[in-house]
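Down below is the structure, laid out as structure tokens.
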Amino acid sequence: MRRKTLLVTFLCLYVIITILGGCTSGNTNEGKAEDVRPNEGNAEGNEPEKFKEVTLKLLTNWNGASTAPADQINNPVAKVIREKTGVTLEIIEVKMSEVEKLNAMFAIQDFPDIYAGPAWMGGAEMETILKGVKGDMFLDLSDYMKRYPNLAKSVQKEAVPLDMYNRYLDPDNFGGKSYMLYTGMPATSEDGYDWLYGFYVRKDIAEKLGVDPQSVRTKDDLYQFLNKIKEAKLEENGKEIFPMGAFHGGWPLGLLSKMFYNNAGWQFNEDGTVQHNFMTQANEEAILFTRKLISEGLLDPEAFLQSEAIANEKIAQGRYAVLPGHFYYVYEATSGYVRDNPSGEFIPLGPMNNSKGDPYTTVFRAQGHNINLIPNTSKDPEAAARVIDFLSSDEGYVLTHYGVEGVHYDNIDGKPSAKAEWVEKMKADPKALLNEGIAAGYATLSGPDRQVSLGGGAFGHEADPKNAIAQQYKKLLRQKGIEIANGSDPQLYAISTDLWQSIKPVADGLAELTQQAYYAKSEEEAKKLIETGRNQMEKAGIHKLEEMMAEQHKSTPFIEYLDPN
């Protein structure tokens with residue numbers, strides 16, 4: 001769920017995380033040496049150091065993000081970066097999958113000067129990066145970390161998830177060398193972000209049917225509620241309203257699985273055994289439940305097949321009664337419809353029970369979102385390290401997320417407070433801040449996430465109505481608060497074993513097989529497809545791996561339960 005382009009698109013709209021990228025030429029004066037510009041002097045009052053100006057290409061490898069400022073040279077944020085470091089960053093956008101981009105980059109040796117991209121532990125993106133590191137495609141940053149302290153801070157063992165450190169950052173894995181920088185990790189507990197994933201329902205439909213949305217807690221409650229919507233034969237402008245829909249590709253209907261099993265990827269049984277999710281009875285029940293919703297007309301039959309454009313059109317037309325997603329994306333995606341139909345706002349169902357019948361326990365894994373590297377072919381590695389060091393500082397973080405003091409925000413009680421004029425511009429033009437350099441590609445290099453502890457909230461949060469709504473929904477959905485998961489990621493252990501090489505090709509095909517089961521003509525046909533997948537996993541050696549993981553779990557406990565976030 002967390003790795004769809006829908007999420008990326010939302011991140012472009014919401015200022016907490018900024019993502020973007022590419023690897024083609026733009027309109028900057030690449031490599032041209034200009035007159036030097038001073039940065040600030042040091043504390044002793046000495047003359048400020050001067051740097052030769054250089055333009056560096058920044059690849060921010062996030063599929064579909066269109067967030068490079070229109071003027072990459074003279075936008076306000078770019079000017080400050082150049083004054084402080086002598087560097088102009090050329091941000092280029094990616095329009096393919098992140099893994100495809102990496103493979104193409106490695107194959108034709110077309111590298112940027114700085115790389116930023118997804119830091120999903122155990123994901124194909126990070127594993128591909130790891131291959132590049134082992135293939136000597138990136139620069140050892142050990143010496144730069146001695147001169148630029150903010151680089152070193154981003155990879156300190158106590159400042160990053162243990163699994164991330166053990167597999168990707170520990171210098172002992174690379175002969176004492178350090179290649180990767182980890183950004184976006186919450187700097188404090190208050191900086192951890194809750195996307196409020198769940199199921200949301202049109203308020204007017206719930207009221208028309210006389211159903212309290214908070215009474216829908218179990219899978220049976222959801223099934224009965226969707227049936228009630230179907231039986232009402234509701235229409236919007238003469239078109240059928242589907243009881244439940246989804247964003248493109250079915251995202252994130254995987255939330256249904258929470259009612260059947262945990263989201264850690266592996267099941268940890270009371271008898272000490274461990275099972276891959278696909279091998280469990282609970283997974284079969286989740287697949288059959290989703291198939292039942294489709295076959296009975298309770299879920300849009302195109303949900304898993306539709307394009308982004310078609311999904312967005314249905315949402316804009318108000319043709320979904322129930323929509324899964326995280327609050328911020330649902331809010332943005334339905335804002336046009338709600339503006340014209342205020343009573344049709346989407347409000348939370350439940351909260352829904354998890355597989356143990358608990359609606360309130362919420363467990364997240366604290367993690368960052370970007371990995372930064374400097375390729376061996378970088379035009380000016382020193383300048384690259386220097387600009388990352390500056391952008392990772394508190395000053396750099398505020399600059400990239402809030403802009404220039406006195407222009408975009410005022411300092412109120414030590415926090416940046418957005419100027420009213422820019423709040424209005426942001427509402428009128430989604431790219432207004434982007435074109436100023438705020439929440440642009442520069443922020444992928446901005447170190448730990450300090451949005452609350454340093455900034456007090458996202459740009460304009462004081463005047464943004466969705467923030468007040470989010471706080472209201474948190475009180476409803478997070479009555480036990482949020483726990484941070486303890487333990488190691490079981491999937492990271494799995495992929496580190498030699499056995500995984502034989503299992504991976506089969507595991508990679510389970511998503512497609514599962515979708516076939518969703519659309520099977522009968523439940524028996526769906527069960528046969530599931531059994532086919534299980535047999536393939538058994539032949540590949542999944543049971544041996546499950547035994548290994550059960551043994552490992554005794555000495556190094558794995559994370560047993562996670563909620564989507």
Completion exercise
CZ of Phe247 to CG of Asn312, rounded to nearest 0.5 Å, is 7.5 Å
Fill in the blank from the handout: Rounding to 0.5 Å, atoms NE2 (His401) and CZ (Arg450) come to a distance of 8.5 Å
Practice task
Verify, without hydrogens or angle tests, whether Gln72 (side chain) and Ile91 (backbone) share a donor-acceptor contact under 3.5 angstrom.
Solution key: yes
Exercise for the section: Name the orientation class of the two ring planes belonging to Trp62 and Trp120 (parallel below 30°, tilted from 30 to 60°, perpendicular beyond 60°). Expected result: perpendicular
Exercise for the section: Please examine the side chains of Met180 and Leu130, heavy atoms only from C-beta on, and report whether any two atoms are closer than 4.5 Å. Expected result: yes
Exercise for the section: Measure up the Trp195 and His326 rings against each other and bin them: parallel (under 30°), tilted (30 to 60°), perpendicular (over 60°). Expected result: tilted
Exercise for the section: For the pair Trp266 and Trp500, name the ring-plane relationship: parallel under 30°, tilted 30 to 60°, perpendicular over 60°. Expected result: tilted
Problem - Asp449 side chain near Met185 side chain, heavy-atom distance below 4.5 Å - result: no
Problem - Side chain to side chain, Pro118 and His369, heavy atoms closer than 4.5 Å - result: no
Practice task
Look at the side chain of Tyr397 and the backbone N and O of Gln451, then say whether any donor-acceptor pair between them is shorter than 3.5 Å.
Solution key: yes
Handout entry: Any donor-acceptor pair under 3.5 Å from Asp563 side chain to Phe364 backbone
Key = no
Practice task
Would you kindly check if the NZ (Lys) or CZ (Arg) of Lys419 is within the cone defined by 45 degrees around the ring axis of Trp422 and under 6.0 Å from the six-membered ring centre?
Solution key: no
Handout entry: Donor + acceptor pair across side chains of Asn75, Tyr442 (<3.5 Å)
Key = yes
Practice task
Could you check whether the rings of Tyr331 and Phe327 sit parallel, tilted or perpendicular, using 30° and 60° as the cut-offs?
Solution key: tilted
Problem - Heavy atoms of other groups near Lys504 NZ, more than 12 under 6.0 Å - result: no
Exercise for the section: Report yes or no: is the cationic atom of Arg386 (NZ for Lys, CZ for Arg) under 6.0 Å from the centre of the six-membered ring of Phe51, at an angle within 45° of the ring normal? Expected result: yes
Handout entry: Trp251 ring center within less than 6.0 Å of Tyr329 ring center
Key = yes
